[in-house]
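Input: one structure, supplied below.
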2 protein chains.
Amino acid sequence: MPNTKSDSVAHGLDQSSLSHVLGYHLAQADVPIKKVFFKCIGQPLQLRPVEFTILMLLNSNENVTQKQLSQALAVSAPNITILLDRLAERGLVTRVRSETDRRSQHVLLTRKGAILARKAHEVSLTMEHEVLRHLSDGERAILFELLQKVARHRRV
Amino acid sequence: MPNTKSDSVAHGLDQSSLSHVLGYHLAQADVPIKKVFFKCIGQPLQLRPVEFTILMLLNSNENVTQKQLSQALAVSAPNITILLDRLAERGLVTRVRSETDRRSQHVLLTRKGAILARKAHEVSLTMEHEVLRHLSDGERAILFELLQKVARHRRV
DNA sequence: TATTGTTATACTCTATAACTATA
DNA sequence: TATAGTTATAGAGTATAACAATA
(Lines give C-alpha, C1' and ligand atoms only; values in the text may rest on other atoms or scores of the structure.)
Protein backbone atom coordinates (compact mmCIF):
# COMPACT_ATOMS: atom_id res chain seq x y z
CA MET A 1 0.00 0.00 0.00
CA PRO A 2 1.76 3.14 -1.17
CA ASN A 3 -0.51 5.55 0.70
CA THR A 4 0.88 5.04 4.17
CA LYS A 5 -0.38 8.32 5.59
CA SER A 6 -4.08 7.79 5.06
CA ASP A 7 -6.29 6.21 2.45
CA SER A 8 -8.60 9.19 2.68
CA VAL A 9 -6.07 11.66 1.32
CA ALA A 10 -5.82 12.42 -2.38
CA HIS A 11 -4.75 15.52 -4.26
CA GLY A 12 -3.71 16.94 -0.90
CA LEU A 13 -7.25 16.85 0.43
CA ASP A 14 -8.71 14.82 3.26
CA GLN A 15 -11.59 12.83 1.82
CA SER A 16 -12.73 11.16 5.00
CA SER A 17 -16.18 12.80 4.83
CA LEU A 18 -16.70 11.07 1.51
CA SER A 19 -15.05 7.72 2.13
CA HIS A 20 -18.39 6.02 2.77
CA VAL A 21 -20.12 7.48 -0.31
CA LEU A 22 -20.27 4.99 -3.14
CA GLY A 23 -21.31 7.61 -5.68
CA TYR A 24 -18.16 9.59 -4.99
CA HIS A 25 -15.91 6.60 -5.60
CA LEU A 26 -17.80 5.76 -8.77
CA ALA A 27 -17.26 9.30 -10.04
CA GLN A 28 -13.57 9.15 -9.17
CA ALA A 29 -13.11 5.82 -10.92
CA ASP A 30 -14.99 7.19 -13.90
CA VAL A 31 -12.36 9.87 -14.52
CA PRO A 32 -9.56 7.63 -15.87
CA ILE A 33 -12.10 5.39 -17.55
CA LYS A 34 -13.62 8.20 -19.56
CA LYS A 35 -10.14 9.39 -20.46
CA VAL A 36 -9.10 6.01 -21.81
CA PHE A 37 -12.41 5.55 -23.62
CA PHE A 38 -12.01 8.88 -25.36
CA LYS A 39 -8.47 8.07 -26.43
CA CYS A 40 -9.21 4.53 -27.68
CA ILE A 41 -12.76 4.76 -29.03
CA GLY A 42 -14.33 8.19 -28.61
CA GLN A 43 -11.75 10.09 -30.60
CA PRO A 44 -10.69 7.55 -33.27
CA LEU A 45 -14.15 6.12 -33.98
CA GLN A 46 -16.11 9.27 -33.15
CA LEU A 47 -18.38 7.53 -30.67
CA ARG A 48 -19.64 8.82 -27.37
CA PRO A 49 -20.02 6.33 -24.52
CA VAL A 50 -23.81 6.04 -25.01
CA GLU A 51 -23.41 5.64 -28.75
CA PHE A 52 -20.84 2.89 -28.23
CA THR A 53 -23.19 1.16 -25.82
CA ILE A 54 -26.07 1.32 -28.29
CA LEU A 55 -23.93 -0.20 -31.04
CA MET A 56 -22.87 -3.01 -28.72
CA LEU A 57 -26.46 -3.79 -27.76
CA LEU A 58 -27.62 -3.74 -31.37
CA ASN A 59 -24.66 -5.95 -32.21
CA SER A 60 -25.83 -8.77 -29.99
CA ASN A 61 -29.58 -8.30 -30.18
CA GLU A 62 -32.15 -8.43 -32.92
CA ASN A 63 -35.53 -6.77 -32.86
CA VAL A 64 -34.51 -4.12 -30.38
CA THR A 65 -37.11 -1.39 -29.91
CA GLN A 66 -36.40 2.16 -28.84
CA LYS A 67 -38.37 1.49 -25.69
CA GLN A 68 -36.00 -1.34 -24.78
CA LEU A 69 -32.97 0.87 -25.35
CA SER A 70 -34.52 3.61 -23.28
CA GLN A 71 -35.09 1.27 -20.35
CA ALA A 72 -31.81 -0.61 -20.56
CA LEU A 73 -29.74 2.57 -20.69
CA ALA A 74 -31.96 4.66 -18.41
CA VAL A 75 -32.11 7.29 -21.13
CA SER A 76 -35.35 9.16 -21.73
CA ALA A 77 -37.36 8.42 -24.86
CA PRO A 78 -36.77 11.86 -26.42
CA ASN A 79 -33.08 11.40 -25.81
CA ILE A 80 -33.06 8.01 -27.54
CA THR A 81 -34.81 9.56 -30.51
CA ILE A 82 -32.12 12.23 -30.84
CA LEU A 83 -29.28 9.73 -30.37
CA LEU A 84 -30.70 7.42 -33.04
CA ASP A 85 -31.34 10.34 -35.38
CA ARG A 86 -27.64 11.14 -35.21
CA LEU A 87 -26.55 7.53 -35.73
CA ALA A 88 -29.00 7.22 -38.63
CA GLU A 89 -27.62 10.38 -40.25
CA ARG A 90 -24.20 8.75 -40.19
CA GLY A 91 -25.67 5.69 -41.86
CA LEU A 92 -24.98 3.40 -38.92
CA VAL A 93 -28.53 2.39 -37.98
CA THR A 94 -31.96 2.18 -39.55
CA ARG A 95 -35.41 2.07 -38.03
CA VAL A 96 -38.08 -0.35 -39.17
CA ARG A 97 -41.63 -0.10 -37.96
CA SER A 98 -42.82 -3.24 -36.22
CA GLU A 99 -45.33 -5.41 -38.07
CA THR A 100 -46.96 -6.67 -34.91
CA ASP A 101 -47.23 -3.33 -33.12
CA ARG A 102 -47.08 -0.42 -35.48
CA ARG A 103 -46.38 2.04 -32.68
CA SER A 104 -42.92 0.67 -32.03
CA GLN A 105 -39.82 0.69 -34.17
CA HIS A 106 -37.06 -1.88 -34.41
CA VAL A 107 -33.57 -0.47 -34.54
CA LEU A 108 -31.05 -2.26 -36.75
CA LEU A 109 -27.38 -1.87 -37.58
CA THR A 110 -26.64 -1.14 -41.22
CA ARG A 111 -23.73 -2.97 -42.84
CA LYS A 112 -21.60 0.10 -42.14
CA GLY A 113 -22.86 0.16 -38.57
CA ALA A 114 -22.07 -3.51 -38.08
CA ILE A 115 -18.51 -3.00 -39.29
CA LEU A 116 -18.00 -0.07 -36.93
CA ALA A 117 -19.57 -2.02 -34.07
CA ARG A 118 -17.20 -4.94 -34.60
CA LYS A 119 -14.23 -2.60 -34.74
CA ALA A 120 -15.33 -0.83 -31.57
CA HIS A 121 -15.79 -4.14 -29.81
CA GLU A 122 -12.27 -5.24 -30.74
CA VAL A 123 -10.78 -2.02 -29.45
CA SER A 124 -12.80 -2.23 -26.25
CA LEU A 125 -11.16 -5.54 -25.42
CA THR A 126 -7.66 -4.08 -25.45
CA MET A 127 -8.84 -0.84 -23.87
CA GLU A 128 -9.90 -2.70 -20.77
CA HIS A 129 -6.41 -4.05 -20.29
CA GLU A 130 -5.16 -0.51 -19.96
CA VAL A 131 -7.83 0.53 -17.50
CA LEU A 132 -7.60 -2.58 -15.37
CA ARG A 133 -3.93 -3.42 -15.58
CA HIS A 134 -3.44 -2.76 -11.88
CA LEU A 135 -6.06 -5.30 -10.92
CA SER A 136 -5.59 -9.04 -10.85
CA ASP A 137 -7.98 -11.25 -12.79
CA GLY A 138 -9.69 -12.15 -9.56
CA GLU A 139 -10.07 -8.53 -8.55
CA ARG A 140 -11.60 -7.66 -11.91
CA ALA A 141 -14.12 -10.44 -11.62
CA ILE A 142 -15.10 -9.37 -8.12
CA LEU A 143 -15.34 -5.70 -9.08
CA PHE A 144 -17.62 -6.49 -12.01
CA GLU A 145 -19.80 -8.77 -9.94
CA LEU A 146 -20.24 -6.23 -7.15
CA LEU A 147 -21.03 -3.42 -9.57
CA GLN A 148 -23.67 -5.60 -11.22
CA LYS A 149 -25.07 -6.37 -7.82
CA VAL A 150 -25.51 -2.65 -7.18
CA ALA A 151 -26.94 -2.06 -10.65
CA ARG A 152 -29.33 -5.00 -10.52
CA HIS A 153 -30.86 -3.30 -7.56
CA ARG A 154 -32.58 -0.90 -9.96
CA ARG A 155 -36.32 -0.83 -9.81
CA VAL A 156 -37.54 -0.41 -13.41
CA MET B 1 -26.71 -16.80 -8.13
CA PRO B 2 -30.31 -15.81 -8.89
CA ASN B 3 -29.72 -15.11 -12.56
CA THR B 4 -29.59 -18.67 -13.76
CA LYS B 5 -30.34 -17.93 -17.39
CA SER B 6 -27.39 -15.66 -18.11
CA ASP B 7 -25.60 -12.89 -16.28
CA SER B 8 -25.43 -10.94 -19.50
CA VAL B 9 -29.16 -10.45 -19.86
CA ALA B 10 -30.95 -7.45 -18.43
CA HIS B 11 -34.05 -5.58 -19.50
CA GLY B 12 -34.56 -8.31 -22.05
CA LEU B 13 -31.35 -7.51 -23.87
CA ASP B 14 -28.20 -9.58 -24.24
CA GLN B 15 -25.35 -7.55 -22.84
CA SER B 16 -22.55 -9.94 -23.59
CA SER B 17 -20.78 -7.47 -25.89
CA LEU B 18 -20.51 -5.12 -22.93
CA SER B 19 -19.79 -7.54 -20.11
CA HIS B 20 -16.07 -6.79 -20.19
CA VAL B 21 -16.48 -2.99 -20.25
CA LEU B 22 -15.94 -1.46 -16.84
CA GLY B 23 -17.34 1.93 -17.88
CA TYR B 24 -20.64 0.31 -18.78
CA HIS B 25 -20.98 -1.35 -15.41
CA LEU B 26 -20.08 1.89 -13.66
CA ALA B 27 -22.80 3.70 -15.60
CA GLN B 28 -25.32 1.00 -14.77
CA ALA B 29 -24.46 1.10 -11.08
CA ASP B 30 -24.67 4.87 -11.18
CA VAL B 31 -28.36 4.78 -12.12
CA PRO B 32 -29.79 3.64 -8.76
CA ILE B 33 -27.15 5.62 -6.92
CA LYS B 34 -28.11 8.88 -8.54
CA LYS B 35 -31.74 8.11 -7.90
CA VAL B 36 -31.19 7.54 -4.19
CA PHE B 37 -28.96 10.59 -3.93
CA PHE B 38 -31.60 12.78 -5.50
CA LYS B 39 -34.28 11.47 -3.16
CA CYS B 40 -32.22 11.75 0.03
CA ILE B 41 -29.98 14.78 -0.56
CA GLY B 42 -30.45 16.36 -3.97
CA GLN B 43 -34.13 17.13 -3.60
CA PRO B 44 -34.48 17.88 0.15
CA LEU B 45 -31.23 19.84 0.55
CA GLN B 46 -31.11 21.24 -2.98
CA LEU B 47 -27.61 19.95 -3.66
CA ARG B 48 -26.24 18.44 -6.82
CA PRO B 49 -23.71 15.64 -6.50
CA VAL B 50 -20.75 17.94 -7.20
CA GLU B 51 -22.03 20.54 -4.77
CA PHE B 52 -22.43 17.90 -2.09
CA THR B 53 -18.89 16.72 -2.74
CA ILE B 54 -17.51 20.24 -2.47
CA LEU B 55 -19.26 20.79 0.85
CA MET B 56 -17.85 17.52 2.18
CA LEU B 57 -14.31 18.44 1.14
CA LEU B 58 -14.60 21.91 2.66
CA ASN B 59 -16.01 20.30 5.79
CA SER B 60 -12.88 18.28 6.44
CA ASN B 61 -10.24 20.60 4.98
CA GLU B 62 -9.05 24.12 5.73
CA ASN B 63 -7.27 26.38 3.31
CA VAL B 64 -8.67 24.70 0.24
CA THR B 65 -7.96 26.57 -2.97
CA GLN B 66 -10.07 26.48 -6.11
CA LYS B 67 -7.18 24.85 -7.88
CA GLN B 68 -7.21 21.98 -5.40
CA LEU B 69 -10.93 21.49 -5.86
CA SER B 70 -10.51 21.57 -9.61
CA GLN B 71 -7.88 18.83 -9.51
CA ALA B 72 -9.51 16.65 -6.88
CA LEU B 73 -12.85 16.62 -8.66
CA ALA B 74 -11.51 16.71 -12.21
CA VAL B 75 -13.68 19.73 -12.88
CA SER B 76 -12.35 22.54 -15.05
CA ALA B 77 -11.38 25.84 -13.45
CA PRO B 78 -14.20 27.80 -15.13
CA ASN B 79 -16.63 25.19 -13.94
CA ILE B 80 -15.40 25.47 -10.35
CA THR B 81 -15.84 29.23 -10.54
CA ILE B 82 -19.45 28.86 -11.60
CA LEU B 83 -20.18 26.19 -8.98
CA LEU B 84 -18.71 28.33 -6.21
CA ASP B 85 -20.53 31.42 -7.45
CA ARG B 86 -23.78 29.55 -7.01
CA LEU B 87 -22.86 28.25 -3.56
CA ALA B 88 -21.73 31.74 -2.56
CA GLU B 89 -25.00 33.27 -3.75
CA ARG B 90 -26.80 30.89 -1.41
CA GLY B 91 -24.55 32.04 1.42
CA LEU B 92 -22.93 28.63 1.88
CA VAL B 93 -19.30 29.48 1.07
CA THR B 94 -17.03 32.49 0.97
CA ARG B 95 -13.77 33.11 -0.84
CA VAL B 96 -10.75 34.69 0.84
CA ARG B 97 -7.73 35.73 -1.15
CA SER B 98 -4.55 34.05 0.03
CA GLU B 99 -2.04 36.16 1.93
CA THR B 100 0.95 34.20 0.70
CA ASP B 101 -0.06 34.02 -2.96
CA ARG B 102 -2.53 36.68 -3.92
CA ARG B 103 -3.48 34.88 -7.11
CA SER B 104 -5.21 32.04 -5.30
CA GLN B 105 -8.32 32.02 -3.19
CA HIS B 106 -9.18 29.92 -0.18
CA VAL B 107 -12.72 28.60 -0.11
CA LEU B 108 -14.45 28.42 3.25
CA LEU B 109 -17.79 27.24 4.55
CA THR B 110 -19.94 29.91 6.15
CA ARG B 111 -21.77 29.07 9.35
CA LYS B 112 -24.83 28.34 7.25
CA GLY B 113 -22.74 26.22 4.91
CA ALA B 114 -21.24 24.27 7.79
CA ILE B 115 -24.68 23.48 9.15
CA LEU B 116 -25.88 22.26 5.76
CA ALA B 117 -22.70 20.26 5.29
CA ARG B 118 -23.16 18.51 8.61
CA LYS B 119 -26.78 17.75 7.79
CA ALA B 120 -25.82 16.41 4.37
CA HIS B 121 -23.14 14.24 5.91
CA GLU B 122 -25.59 12.74 8.37
CA VAL B 123 -28.08 11.94 5.63
CA SER B 124 -25.35 10.45 3.45
CA LEU B 125 -24.57 7.87 6.13
CA THR B 126 -28.12 6.50 6.12
CA MET B 127 -28.41 6.90 2.36
CA GLU B 128 -25.59 4.44 1.84
CA HIS B 129 -27.43 1.78 3.77
CA GLU B 130 -30.20 1.96 1.21
CA VAL B 131 -27.86 1.78 -1.77
CA LEU B 132 -25.69 -0.99 -0.37
CA ARG B 133 -28.19 -3.03 1.57
CA HIS B 134 -27.74 -6.00 -0.74
CA LEU B 135 -24.00 -6.14 -0.10
CA SER B 136 -22.37 -7.61 2.97
CA ASP B 137 -19.93 -5.49 4.97
CA GLY B 138 -17.07 -7.39 3.41
CA GLU B 139 -18.38 -6.85 -0.08
CA ARG B 140 -18.75 -3.13 0.52
CA ALA B 141 -15.18 -2.87 1.73
CA ILE B 142 -13.88 -4.76 -1.27
CA LEU B 143 -15.95 -2.74 -3.73
CA PHE B 144 -14.69 0.54 -2.28
CA GLU B 145 -11.10 -0.62 -2.29
CA LEU B 146 -11.21 -1.79 -5.89
CA LEU B 147 -12.88 1.40 -7.09
CA GLN B 148 -10.19 3.42 -5.35
CA LYS B 149 -7.57 1.27 -7.00
CA VAL B 150 -9.02 2.16 -10.38
CA ALA B 151 -9.34 5.84 -9.46
CA ARG B 152 -5.84 6.10 -8.01
CA HIS B 153 -4.61 5.12 -11.40
CA ARG B 154 -5.33 8.69 -12.54
CA ARG B 155 -2.43 10.64 -13.86
CA VAL B 156 -2.83 14.30 -12.77
C1' DT C 1 -57.53 5.23 -21.96
C1' DA C 2 -52.57 3.77 -22.31
C1' DT C 3 -48.31 3.33 -24.98
C1' DT C 4 -44.56 4.35 -28.62
C1' DG C 5 -42.23 7.60 -30.45
C1' DT C 6 -41.50 12.58 -31.92
C1' DT C 7 -41.11 17.58 -31.37
C1' DA C 8 -40.16 21.68 -28.79
C1' DT C 9 -38.27 23.97 -24.96
C1' DA C 10 -35.43 25.02 -21.33
C1' DC C 11 -31.88 24.00 -18.14
C1' DT C 12 -27.61 22.05 -16.78
C1' DC C 13 -22.97 20.54 -17.67
C1' DT C 14 -18.74 20.84 -20.05
C1' DA C 15 -14.83 22.48 -22.95
C1' DT C 16 -12.35 26.12 -24.90
C1' DA C 17 -10.28 30.36 -25.57
C1' DA C 18 -9.38 34.99 -24.13
C1' DC C 19 -8.71 37.88 -20.38
C1' DT C 20 -6.85 39.79 -15.37
C1' DA C 21 -3.87 39.78 -11.74
C1' DT C 22 -0.31 38.05 -9.67
C1' DA C 23 4.17 35.35 -9.42
C1' DT D 1 6.98 33.37 -18.89
C1' DA D 2 3.82 30.70 -15.97
C1' DT D 3 -0.08 30.24 -12.83
C1' DA D 4 -4.89 31.18 -10.38
C1' DG D 5 -8.94 32.58 -11.34
C1' DT D 6 -12.66 34.88 -14.25
C1' DT D 7 -15.55 35.78 -18.28
C1' DA D 8 -17.77 34.57 -22.51
C1' DT D 9 -19.33 31.37 -25.71
C1' DA D 10 -20.72 27.38 -27.83
C1' DG D 11 -21.69 22.43 -27.64
C1' DA D 12 -23.52 18.40 -25.60
C1' DG D 13 -26.65 16.09 -22.24
C1' DT D 14 -30.98 15.85 -19.86
C1' DA D 15 -35.77 16.58 -18.28
C1' DT D 16 -40.33 17.98 -19.19
C1' DA D 17 -44.51 18.68 -21.46
C1' DA D 18 -47.30 18.51 -25.53
C1' DC D 19 -48.36 15.99 -29.50
C1' DA D 20 -49.33 12.07 -33.25
C1' DA D 21 -50.19 7.47 -34.23
C1' DT D 22 -51.51 3.19 -32.68
C1' DA D 23 -53.20 -0.19 -29.34
Side-chain angles (χ1 to χ4, degrees), chain A residues 11-13 23 27 30-31 33-35 37-39 41-43 46-54 63-90 93-108 156, chain B residues 11-13 23 26-27 30-31 33-35 37-39 42-43 46-54 63-90 93-108 156:
Chain A
H11 301 275
L13 291 178
D30 206 35
V31 174
I33 289 188
K34 275 198 293 204
K35 200 172 293 180
F37 177 88
F38 185 75
K39 190 189 75 180
I41 295 181
Q43 173 67 257
Q46 285 294 296
L47 288 175
R48 301 174 193 297
V50 205
E51 294 173 333
F52 165 75
T53 303
I54 290 175
N63 293 328
V64 181
T65 66
Q66 300 191 192
K67 181 69 175 174
Q68 281 179 300
L69 288 177
S70 172
Q71 287 179 336
L73 305 180
V75 170
S76 67
N79 212 352
I80 288 287
T81 296
I82 293 170
L83 284 167
L84 292 178
D85 283 349
R86 196 156 44 204
L87 292 175
E89 274 171 27
R90 292 171 62 185
V93 306
T94 54
R95 283 180 263 203
V96 179
R97 200 152 286 280
S98 164
E99 293 297 327
T100 55
D101 181 344
R102 298 198 49 76
R103 288 174 304 182
S104 54
Q105 305 212 78
H106 292 296
V107 186
L108 304 171
V156 172
Chain B
H11 301 276
L13 291 177
L26 283 184
D30 207 34
V31 173
I33 290 188
K34 274 199 292 205
K35 199 172 293 180
F37 177 88
F38 184 74
K39 190 189 75 179
Q43 173 67 257
Q46 284 296 296
L47 288 174
R48 302 173 193 299
V50 205
E51 294 173 332
F52 165 74
T53 303
I54 290 175
N63 294 330
V64 181
T65 66
Q66 298 191 192
K67 181 70 175 173
Q68 282 179 300
L69 288 176
S70 172
Q71 287 178 337
L73 305 180
V75 170
S76 66
N79 212 349
I80 289 287
T81 296
I82 294 170
L83 285 166
L84 292 178
D85 283 349
R86 197 155 43 204
L87 292 175
E89 274 171 27
R90 292 172 61 186
V93 306
T94 53
R95 284 181 263 203
V96 179
R97 202 152 283 281
S98 164
E99 292 298 327
T100 55
D101 182 344
R102 299 198 47 77
R103 290 173 303 182
S104 55
Q105 306 211 77
H106 292 297
V107 186
L108 305 170
V156 171

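Because the structure is a prediction, the values reported are computed rather than measured. Letters A, B, ... mirror the listed sequences (proteins, then strands); counts begin at 1.
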Checklist entry - Does A:L47 reach the side chain of A:R90, with side-chain heavy atoms less than 4.5 Å apart? => result yes
Checklist entry - Base, sugar-phosphate, or nothing for B:R97, non-hydrogen atoms under 4.0 angstrom? => result nothing
Checklist entry - Could one point to a donor on the side chain of A:R102 or the base of D:dT22 with an acceptor on the other under 3.5 Å away? => result no
Item to check | Nearest atoms (heavy-atom pairs only) where B:R102 meets B:E99 | outcome: CG-O, 4.2 Å
Checklist entry - In whole angstrom, what separates A:E99's CD from C:dT4's P? => result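 After rounding, the reported distance stands at 18 Å.
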Checklist entry - Taking OP1 and OP2 of D:dG13, is either one under 4.0 Å from a side-chain nitrogen or oxygen of A:R86? => result yes
Checklist entry - How long is the line joining CG of A:L84 and P of C:dG5, in whole Å? => result 10 Å
Checklist entry - To the nearest Å, how far apart are B:Q68 CD and D:dA4 C1'? => result 12 Å
Checklist entry - CD of A:Q105 versus C1' of C:dT6: gap in Å, rounded? => result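 Taking CD of A:Q105 and C1' of C:dT6, I get 10 Å after rounding.
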Checklist entry - How is A:T81 classified with respect to the nucleic acid when contacts are heavy atoms under 4.0 Å: base, sugar-phosphate, or nothing? => result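 Contact class for A:T81: base.
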Checklist entry - Just how far, in rounded Å, is P of C:dT14 from CZ of A:R48? => result 14 Å
Item to check | Residue A:R103, side-chain atoms from C-beta onward, closest of D:dT7, D:dA23, D:dA2 | outcome: D:dA23
Item to check | Atom-pair distance (CD1 on A:I82; P on C:dA8), nearest Å | outcome: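 Rounded to the whole Å, the gap is 11 Å.
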Checklist entry - Roughly how many Å is it from CG in A:D85 to P in D:dG13, rounded to a whole number? => result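 Going from A:D85 (CG) to D:dG13 (P), I get 13 Å.
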Item to check | Side-chain heavy atoms of A:K34 within contact of B:L26, under 4.5 Å | outcome: no
Checklist entry - Does a nitrogen or oxygen in the side chain of A:R95 sit under 4.0 Å from OP1 or OP2 of C:dT4? => result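 For A:R95, the contact criterion (side-chain N or O under 4.0 Å from OP1 or OP2 of C:dT4) is not met.
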Item to check | Nucleotide of D:dG5, C:dG5, C:dT7 approaching B:Q66 most closely (side-chain heavy atoms) | outcome: D:dG5
Item to check | First of B:D101 and A:N79 reached from the 5' end of DNA chain D, by closest nucleotide | outcome: B:D101
Item to check | Residue A:S104, side-chain heavy atoms: nucleotide from D:dT7, C:dG5, D:dG5 that is nearest | outcome: C:dG5
Next on the checklist: Nearest whole Å is fine: how far is C:dC13 P from B:K34 NZ?
Outcome noted: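 Atom NZ in B:K34 sits about 11 Å away from atom P in C:dC13.
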Item to check | Heavy-atom closest pair, residues B:Q66 and B:T81 | outcome: NE2-OG1, 3.8 Å
Checklist entry - Pick the nucleotide of DNA chain C nearest each of B:P78 and B:T100; which residue has the one closer to the 5' end? => result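 In this pair, the answer is B:P78.
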Checklist outcome for this item: Ranking C:dT6, C:dT4, D:dT16 by distance to the side chain of A:K67, first place goes to C:dT4
Next on the checklist: Donor-acceptor check, side chain of B:R95 to backbone of B:H106, threshold 3.5 angstrom: yes or no?
Outcome noted: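 Looks like no, no N/O pair under 3.5 Å.
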